[in-house]
There are 2 protein chains.
Amino acid sequence: MGITKTEGFPSKVTDAALVFKALGHPARLAIMEYLANSTSCICNDIVDQIPLAQPTISRHLSELKKVGLIQGTIEGKNTCYCIDQKRWAELKKLINEFCIPQNNVTQSC
Amino acid sequence: MGITKTEGFPSKVTDAALVFKALGHPARLAIMEYLANSTSCICNDIVDQIPLAQPTISRHLSELKKVGLIQGTIEGKNTCYCIDQKRWAELKKLINEFCIPQNNVTQSC
DNA sequence: AATTCATATTGTAATATTGCAATATGGGAA
DNA sequence: TTCCCATATTGCAATATTACAATATGAATT
């Protein structure tokens, strides 16, 4: 059906899945990496960095914004995108809960 | 188009995106969490844990297997799924390269 | 006011994903 | 062999995603 069932899962799982999903596209991951390594907020520089058309990038940006990974501020003609550091810290914690396996658990295969 | 453009991105980015994408579904994330916290390999126990039909879970399992997150071993009647610890360590490293922002970079907004 | 530049939105077409019923497959038990 | 049990695969149908052209918007510049 193309529709993702979310009932029956803990909200922590569905929340984390949304973040992973947002990061699960080369363009969006490249945008995140670019923003994480930039000293200043970048605007249309992103368009020059990513090999996709401007409308497509705009849509990816709004998707990252939707899950709270980034933040956009209008500055005159330009829009300034950057990682929402506060939210990022929370998300990183969320991600690590799934990324890091329990050390005290030994698997039999 | 529904098609994801991968040309023009570093392979490190597209590789990581595939992993994130695989984790970007509640069912798959729940499976990973379950496997990470189990002392033994689980087989059809997963079907009892996830509120989805067996064929759907089977498909999610094969998707996780495709990106190397898990491993399946046939044991008589059952199939034993568990996290591929070696590959997981590599993937964790890959994920952290994108998850952890540079500390020496200060953002202006 | 007219133009330009940066970005967002909308429309549309192609493709991918998801979910389940139905069905296969293959091992072990009877 | 026949019957179950566990799992995989296939075949849809519904929906989501992706990409881009065209267009809108809105600020600054002329």
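Given the structure is predicted, the values throughout are model-derived calculations rather than measurements. Note that these values count all heavy atoms, side chains included, but never hydrogens, waters or copies made by symmetry. By convention in this document, chain letters (A, B, ...) are assigned in the order of the sequence lines, proteins followed by strands, and residues within each chain are numbered from 1.
Proximity of B/H25 to the phosphate of C/dG19: a side-chain N or O atom is located under 4.0 Å from OP1 or OP2. Taking only side-chain nitrogens and oxygens, A/Y81 comes nearer than 4.0 Å to OP1 or OP2 of C/dA8.
With sequence neighbours excluded, no residue forms a side-chain contact (heavy atoms from CB on, under 4.5 Å) with B/A89. Qualifying side-chain hydrogen bond (donor to acceptor under 3.5 Å, both in side chains) partners for A/K12, counting only residues two or more places apart in sequence or in other chains: A/E97. Applying the salt bridge (charged side-chain N to carboxylate O under 4.0 Å, His left out) rule to A/K66 yields no partners; only residues at least two apart in sequence or on another chain are considered. Contacts of B/K65 classified as salt bridge (charged side-chain N to carboxylate O under 4.0 Å, His left out), with partners at least two apart in sequence or in another chain: none.
Atom CZ of A/F20 and atom P of C/dT17 are 18 Å apart (whole Å). Put simply, CZ on A/F9 is 12 Å from C1' on C/dG19, counting in whole angstrom units. The nearest whole Å value for the distance from the CG atom in B/L18 to the P atom in D/dT17 is 17 Å. Here the C1' atom of nucleotide C/dA8 and the CD1 atom of A/I46 are 14 Å apart, to the nearest Å. Rounded to an integer number of Å, the gap from B/N78 CG to C/dG28 C1' is 11 Å. As a whole-Å value, the separation of B/I3 CD1 from C/dA14 P is 12 Å. Going from atom CD of A/E7 over to atom C1' of C/dG19 covers 12 Å, rounded to whole Å.
DNA chain D is contacted by A/L52, A/A53, A/P55, A/T56, A/R59, A/H60, A/E63 of residues 51-67 of chain A, taking any non-hydrogen atom closer than 4.0 Å.
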Could you list the donor-acceptor pairs under 3.5 angstrom formed between side-chain atoms of residues 16-32 of chain A and any protein atom two or more places apart in sequence or on another chain?
| residue | atom | partner | partner atom | Å |
| --- | --- | --- | --- | --- |
| A/H25 | ND1 | A/A27 | N | 3.0 |
| A/R28 | NE | A/A22 | O | 2.6 |
| A/R28 | NH1 | A/H60 | ND1 | 3.0 |
| A/R28 | NH2 | A/K21 | O | 3.4 |

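Nearer to the 5' terminus of DNA chain D, by closest-nucleotide assignment, is the contact made by B/D45 (compared with the other of A/G76 and B/D45). Comparing A/K5 and A/V47, the nucleotide of DNA chain C nearest to each residue sits closer to the 5' end for A/V47. In terms of position on DNA chain D, the residue among A/K77 and A/R28 whose nearest nucleotide sits closer to the 5' end is A/R28.
Between the side chain of A/S38 and the backbone N or O of A/Y34 there is at least one donor-acceptor pair closer than 3.5 Å.
Using a 4.5 Å heavy-atom cutoff, the side chains of A/L69 and A/D84 are not in contact.
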